[in-house]
Amino acid sequence: MIPIIYLVSIGAGLIVGSFLNVVVLRFNTGWTLQGRSRCLSCSHQLSWLELVPVVSFLWQRGHCRHCGSQISSQYITVELVTALVFGFIAWRAVTDIGLEWFELVRTVVWTWAVASTLVVIAAYDLKHKIIPDQLVYLFMALSALSGFVLNFDFGIAEIVWLVHGLYSGGLLFLAFWALWYFSAGRLMGFGDAKLVFGLGLWLGLKDALIGVMLAFILGAVVGLGLIALRRSKNLPKGWRLLSLKSEIPFAPFLVTGAFISFILNLGDVLAG
Ligand SMILES: [Zn+2]
């Protein structure tokens, strides 16, 4: 039974991922989420075959079949990342001993929804250098509801859980707000402060704090890597352009750090 869960998770991740791509592309651009996808260069409406996640990208070798222009690697990246994320979420729920079937499915599907908003936030920040308020508020709302949905109850324990989440998110928000305020927005964006509030709500103080620390470590490694790349002259053009960008969006690191902390349950592991 277990391998089927992973196959279904990865399949669902690929399909949801291709929808998330549309959200990243069209959100706040005046386009609606309805209507079939088109090639961004020649406006050719894409057929069913051209919309199959990952496969169509590989089959067309990353180019539009009609005008030959290059398709953004965002598509295949978001699809693969979402599939991976969905698979790991299923793995964490399966290895969480004591969950009954109904609880397992509820936990997995709910966490997929929470993680999907995070994937969109990370990809949107990477692409547009901003975290839209509506997306981060949606993430906060889902996080705030998590305890009630996962426990399937509305009692004292869930209220305590929510209060702890608000307190955790509040502390992280204050720290990031200070980074934003005193660096005049150079070190951190205000959107990052709102995002860590949501992460605190979702994970609680310990796991969220570990996630944030991982984000800083990842950010430092990538940042140093980009500085090294900038010095090197024998690089392909795309890479050089990437390394010349001074402003690195931080949401992808926060999301990655928080997800690793969540999946590996690092708060509990490190506490022994
Ligand atoms: Zn085209």
Single-linkage hydrophobic cluster, 4.5 Å side-chain cutoff, F19 and V81 together: yes
Euclidean distance, H44 NE2 relative to R38 CZ, rounded to 0.5 Å: 9.0 Å
Exceeds 12 heavy-atom contacts within 6.0 angstrom, atom CG of L58: yes
Taking every non-hydrogen atom, the tightest pair across H164 and G204: NE2-CA, 3.7 Å
Interatomic spacing from CE in M188 to CZ in F182 - rounded to 0.5 Å: 14.5 Å
Same apolar cluster (I L V M F W Y, side chains within < 4.5 Å links), L166/F173: yes
Shortest non-hydrogen separation from A90 to I5 and the atoms involved: CB-CG2, 4.0 Å
P249 to K129 - nearest heavy-atom pair and separation: CD-CE, 3.6 Å
Euclidean distance, L118 CG relative to T82 OG1, rounded to 0.5 Å: 11.0 Å
Separation of F197 CZ from Y137 OH (nearest 0.5 Å): 10.5 Å
Ring pair (Phe, Tyr, Trp, His ring centres under 6.0 Å) assessment of F57 paired with Y75: CA-CA 8 Å; F57 186 91; Y75 294 96; 7.7 Å; no
Closest approach of S143 to L201 (non-hydrogen atoms, all atoms of both residues): CB-CB, 3.8 Å
Neighbour count >12 (heavy atoms, 6.0 Å) for atom CD, E100: no
All side chain to side chain donor-acceptor pair (under 3.5 Å) counterparts of W177, not counting sequence neighbours: none
Sub-6.0 Å ring centroid separation between F250 and F216: yes
Atom pair CG (L126) and CZ (F253), whose distance is rounded to the nearest 0.5 Å: 8.5 Å
W202 side chain reached by F139 side chain, heavy atoms, under 4.5 Å: yes
Step-by-step side-chain hydrogen bond (donor to acceptor under 3.5 Å, both in side chains) determination, S47 to E50: CA-CA 5 Å; S47 71; E50 289 163 310; 3.0 Å; yes
Derivation of the ring pair (Phe, Tyr, Trp, His ring centres under 6.0 Å) call for F152 and F102: CA-CA 11 Å; F152 213 48; F102 178 53; 5.5 Å; yes
Considering all heavy atoms, the nearest P132-F27 contact: CB-CE2, 3.6 Å
Spacing of L150 atom CG and E158 atom CD [to the nearest 0.5 Å]: 10.0 Å
For G17 against V78, the heavy-atom pair lying closest together: O-CG1, 3.6 Å
Pairwise side-chain contact, R106 with E103, heavy-atom cut-off 4.5 Å (strictly under): yes
